[in-house]
Structure formats: structure tokens, C-alpha cells
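Notes follow once the structure below has been shown.
No experiment lies behind these values; they were computed from the predicted model shown. Start at 1 with the first residue, then count along the sequence.
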Amino acid sequence: MTDKPEDSICEEQVFENVFYQYSTLLRNYAYYNCGDTAQADDLVQKAFIKLWENCAKVPLKNVKAFIYKVARNYFLKDVAKKKVRLEYKKQHKPGAVVESPQFVLEEKEFEKQLNDAIANLSEKQREVFLLHKIEKKKYQEIAQMLDISVKAVEKRMHMALVHLRKEIKYFDKKR
């Protein structure tokens with residue numbers, strides 16, 4: 001490309017020529033950095049938008065260096081954003097709540113109360129309850145394992161839940 005004093009990147013034809021001359025090379029460079037074709041395309045687009053916005057300030061001889069630097073800077077910004085998001089996810093796991101000492105104490109009390117209540121179930125009720133709630137077995141599976149009817153499993157589970165509701169003030173009916 002000849003660098004004539006009258007050539008300005010702000011002229012549409014000159015800009016178009018610059019684009020066709022450098023876009024593939026810049027895309028390859030961006031792809032080499034990020035390893036993602038979509039992101040590489042985005043970086044090329046952003047670099048040329050930035051070039052167009054600064055066309056009056058960038059001499060034609062510095063175009064290549066300018067677009068490469070802009071693409072690299074956008075790539076580094078993307079990496080920094082991803083790093084921040086990753087750090088945030090590490091620190092703030094979904095559903096994670098900063099627990100107060102009172103909450104921890106109440107949770108321990110509830111756990112003890114639940115374990116005691118489960119221990120106070122009859123052996124048959126406790127067996128069905130633990131198989132269903134802890135091991136996630138279906139009533140049909142439990143009936144086959146214990147060689148009893150599904151109705152018997154339902155009855156034992158019902159009696160276990162009635163007993164637990166009586167003994168535990170905060171028993172969650174949804175589980």
C-alpha cells in the first residue's frame with residue numbers, strides 16, 4: 001500500500017482496502033491468542049471499529065500496529081473479565097450463604113433433634129424412611145428389597161413421618 005499524503009483512513013475506499021489487507025491476518029492472530037473463532041471474529045470487528053473511530057489520528061503507516069494492539073488489548077480485557085467472574089464464582093457459589101454463628105448453632109441443634117427422632121423410630125419405620133429419603137429408593141424398590149407389599153412400605157413411611165412431625169418442631173414436609 002502506498003502511503004501518499006492524501007491517503008486518509010477516514011476515506012471509505014482506503015479503509016476498505018486496509019480491512020481487506022489486514023482482516024484475515026488479524027483474525028488469525030486473534031484466533032492464535034484466544035482459540036475461539038467467534039471471539040477472534042469479535043476482536044477483529046472491535047479493532048476495525050476502533051480504527052474507524054480514530055481514523056483521523058492513526059497514520060496509514062501505523063494501521064497494522066494499531067489494529068493488532070487494539071485486538072490484543074480487547075482480548076486482555078476479556079480475559080480479565082473472565083478471571084473476575086471465575087473468582088466471583090469461586091467465592092460465591094450458588095446457594096451459598098454466609099452463615100451466622102446462631103444459624104450454625106440452630107442447624108446443629110436441628111440435626112441432633114432429627115437424628116434422635118430417627119433413632120426413636122421403630123426398626124421397620126427407620127429402615128423404610130432411610131431407604132426412601134437417604135438412598136432415594138422408590139416404594140416399589142423398597143418393597144422388593146424387604147419382601148413386603150408397596151402398601152406396607154407406604155404405611156411404614158406414613159407412620160415414620162407422623163412420628164417425626166411430632167418429635168421435630170421444624171420438620172420439612174416437602175422432603
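Between Val58 and Ile67 the shortest side-chain heavy-atom distance does not fall below 4.5 Å. A 4.5 Å side-chain heavy-atom check between Phe19 and Leu51 finds every atom pair outside the cut-off.
Distance CG/Asn73 to NZ/Lys69: 6.5 Å, rounded to 0.5 Å. Taken from CG in Asn33 to OH in Tyr74, the straight-line distance is 16.0 Å, to the nearest 0.5 Å. To the nearest 0.5 Å, atom CE of residue Met159 and atom CG of residue Leu121 are 10.5 Å apart. Rounded to the nearest 0.5 angstrom, His132 NE2 and Glu154 CD are separated by 10.0 Å. Atom CG of Asp36 is separated from atom CZ of Phe75 by 10.0 Å, given to the nearest 0.5 angstrom. If you take CD on Gln140 and OG on Ser149, they are separated by 10.0 Å, rounding to the nearest 0.5 Å.
When all heavy atoms of Glu141 and Lys137 are compared, the closest pair comes out as OE1-CA, 3.4 Å. The minimum heavy-atom distance linking Ala117 with Glu167 is given by the pair CA-OE1, 3.4 Å. Taking every heavy atom of both residues into account, Ile9 and Phe15 meet most closely at O-CB, 3.4 Å. Cys34 approaches Ala40 most closely through the heavy-atom pair SG-N, 3.8 Å. In this structure, Ala56 and Cys10 approach most closely via the heavy-atom pair N-SG, 3.3 Å.
Every side-chain contact (heavy atoms from CB on, under 4.5 Å) that Lys124 has, sequence neighbours left out, goes to Ser122, Arg156.
Few gaps surround OH on Tyr139; more than 12 heavy atoms of other groups in view lie less than 6.0 Å from it. By the neighbour-count criterion of 12 heavy atoms within 6.0 Å, atom CD of Glu123 is sparsely surrounded, having that number or fewer from other residues, nucleotides or ligands. Enclosure of atom CD in Glu53 by more than 12 non-hydrogen atoms of other residues, nucleotides or ligands within 6.0 angstrom is indicated. Annotation: Asn115, atom CG; neighbour count of heavy atoms from other residues, nucleotides and ligands within 6.0 Å is above 12.
Side-chain heavy atoms closer than 4.5 Å link hydrophobic residues (I, L, V, M, F, W, Y) into clusters, and following such links, possibly through other members, connects Phe48 to Val14. Both Tyr20 and Val44 belong to a single network of hydrophobic side chains, linked directly or stepwise wherever heavy atoms of I, L, V, M, F, W or Y lie under 4.5 Å apart. Hydrophobic clustering places Phe129 together with Ile168 (ILVMFWY residues linked when any side-chain heavy atoms are closer than 4.5 Å, directly or through intermediates). Using a 4.5 Å cut-off between side-chain heavy atoms of Ile, Leu, Val, Met, Phe, Trp and Tyr, with links allowed through other members, Leu43 and Leu76 fall into the same hydrophobic cluster. Residue Leu86 is not grouped with residue Val79 when hydrophobic side chains (ILVMFWY) are merged at heavy-atom distances under 4.5 angstrom, including chains of intermediate members.
Side-chain contact check for Gln45 and Asp41: no donor-acceptor pair (N or O, by modelled atom type) lies under 3.5 Å. Between Gln113 and Glu109, the side chains place no donor N or O within less than 3.5 Å of an acceptor N or O (distance only, hydrogens not considered).
Taking a cutoff of 4.0 Å between a charged side-chain nitrogen and a carboxylate oxygen, Asp78 and Lys82 do not qualify as a salt bridge.
In this structure a side-chain-to-backbone donor-acceptor pair under 3.5 Å is present from Asn54 to Lys50. Not one N or O on the side chain of Arg126 forms a donor-acceptor pair closer than 3.5 Å with the backbone of Asn120.
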